[in-house]
Amino acid sequence: MSVHGPEAAVQRQHGGTPLAPEPHRAETHTESTDPFLLSEKESRALLREVPWRRLAVIGDSIAEGTGDPWPGYESVPWADRVARRLQAAHPAAAYLNTGRVGAVIAEVRAEQLDDLTAFGPDLVHICCGGNDLFKRGADPDRVEADLDDLCARVAATGARLAMFTLADAFTGRMTPLQPRFAEFAEAVRRIAQRHDAVLTELWNHPARLRESWLSADLIHLSMAGHAVVAAEVIKSLARGGPA
């Protein structure tokens, strides 16, 4: 678990509108040249008017920030990047991340909600469900119901919710899972609508076709992928505004 803000030192444990695809090709981008990233000045301008000052992220390894380094990109996960930019716009902002590798929805509910409640967030990004779908005999309807229940519990705290769809970057040995996760993306969209969550659409994001999008395991984002996701989440939060 990690808490960031003026009242606590950093204690880390350890997807807007779909865009047209670009061809898959070797990447030469860096943080300073990547067209999908935002400068600190651009991020600060986008986040200056958002109402949130206590950001929490709960969920699995994607929430926590697992991922391989990538040349030219700082090794900072997407959620930490968003928190850093929020704090640049609002120095008093605080940040909690309880994401854990391997967590399924039931474990997020059982093991992370108490810390979340104690933190008292006004914005919570929820990222889990993928591990549930990896289970043999997984029932997509059950996964949607469980994620919806988790979102309802978090919304009951009074916090605004945020979510993103996972990108359609299924390749190699992961290709057979694409239909299952396409269904899951639809479920996330339905849940986000039901709970008025700020939704970031990553499913068709053109950066998903880059060699740099995924880590070597073909599951987790690389740090280049994390950087793009952070920029898209910031844009979505700026559009989301108060409930």
Side-chain angles (χ1 to χ4, degrees), residues 15-22 24 36 57-68 70 77-82 97 99-105 107-108 124-135 138-148 150-151 161-195 197-237:
T17 302
L19 304 172
E22 64 180 17
H24 183 265
F36 292 121
V57 178
I58 64 173
D60 54 23
S61 56
I62 296 176
E64 183 190 42
T66 299
D68 293 345
W70 193 268
W78 71 269
D80 291 6
R81 286 173 176 268
V82 172
N97 190 325
R100 183 175 64 77
V101 172
V104 295
I105 296 169
E107 291 170 333
V108 175
V124 181
H125 197 289
I126 300 171
C127 184
C128 56
N131 290 323
D132 299 74
L133 290 173
F134 278 117
K135 289 182 173 181
D139 178 358
D141 291 337
R142 180 73 262 165
V143 173
E144 180 174 355
D146 288 345
L147 183 57
D148 186 77
L150 175 64
C151 288
L161 306 189
M163 307 176 79
F164 52 58
T165 55
L166 301 176
D168 181 11
F170 297 89
T171 186
R173 62 185 175 82
M174 303 303 293
T175 302
L177 292 172
Q178 196 271 358
R180 180 179 299 184
F181 278 85
E183 290 182 18
F184 183 60
E186 289 292 345
V188 169
R189 295 180 187 111
R190 288 191 292 269
I191 292 168
Q193 184 173 32
R194 285 197 289 268
H195 296 284
V198 177
L199 179 65
T200 301
E201 270 288 354
L202 298 175
W203 182 256
N204 287 320
H205 197 288
R208 79 193 193 282
L209 302 175
R210 292 175 169 181
E211 179 186 4
S212 62
W213 183 255
L214 293 176
S215 294
D217 63 9
L218 301 183
I219 297 173
H220 297 98
L221 295 163
S222 74
M223 287 301 151
H226 277 281
V228 174
V229 169
E232 295 303 328
V233 169
I234 288 169
K235 294 174 193 175
S236 295
L237 292 178

Side-chain heavy-atom pair [X], [Y] within 4.5 angstrom cut-off:
| X | Y | answer |
| --- | --- | --- |
| Cys127 | Val57 | no |
| Met163 | Leu147 | yes |
| Val108 | Asp60 | no |
| Ile234 | Val82 | yes |

May I ask you to decide if [Y]'s main-chain N or O and [X]'s side chain share a donor-acceptor pair within less than 3.5 Å?
| X | Y | answer |
| --- | --- | --- |
| Arg208 | Ala169 | no |
| Thr165 | Ala185 | no |
| His226 | Thr66 | yes |
| Ser215 | Asp217 | no |
| Asp148 | Ile191 | no |
| Asp132 | Ile105 | yes |
| Glu232 | Val229 | no |
| His205 | Ala207 | yes |
| Ser236 | Val198 | no |

- Measure up the Phe134 and Phe181 rings against each other and bin them: parallel (under 30°), tilted (30 to 60°), perpendicular (over 60°).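 Plane angle between 30° and 60°, so tilted.
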- Using 30° and 60° as the class limits, which term best fits the ring planes of Phe164 and Trp78: parallel, tilted or perpendicular?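 Geometry flag for Trp78 against Phe164: perpendicular rings.
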- Go through the steps to decide whether Val104 and Asp146 satisfy the test side-chain contact (heavy atoms from CB on, under 4.5 Å), and finish with yes or no. CA-CA 10 Å; Val104 295; Asp146 288 345; over 6 Å; no
- Query: In terms of side-chain geometry, is the basic nitrogen of Glu183 or Arg180 positioned less than 4.0 Å from the acidic oxygen of its partner?
  - Reply: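 Here Glu183 does not pair with Arg180 in a salt bridge, since their nearest N and O are not under 4.0 Å apart.
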- Set of residues satisfying salt bridge (charged side-chain N to carboxylate O under 4.0 Å, His left out) with respect to Arg190, sequence neighbours excluded: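 For Arg190, the residues satisfying salt bridge (charged side-chain N to carboxylate O under 4.0 Å, His left out) (neighbours in sequence not counted) are Glu144.
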- Task: Applying salt bridge (charged side-chain N to carboxylate O under 4.0 Å, His left out), name anything that partners Glu186, two or more places apart in sequence or on another chain.
- Result: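 So Glu186 forms a salt bridge (charged side-chain N to carboxylate O under 4.0 Å, His left out) with Arg189.
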- Query: Judged by modelled atom types alone, do Asp68 and His220 share a side-chain donor-acceptor pair under 3.5 Å?
  - Reply: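 No, because no side-chain N or O of Asp68 sits under 3.5 Å from a partner of the opposite role on His220.
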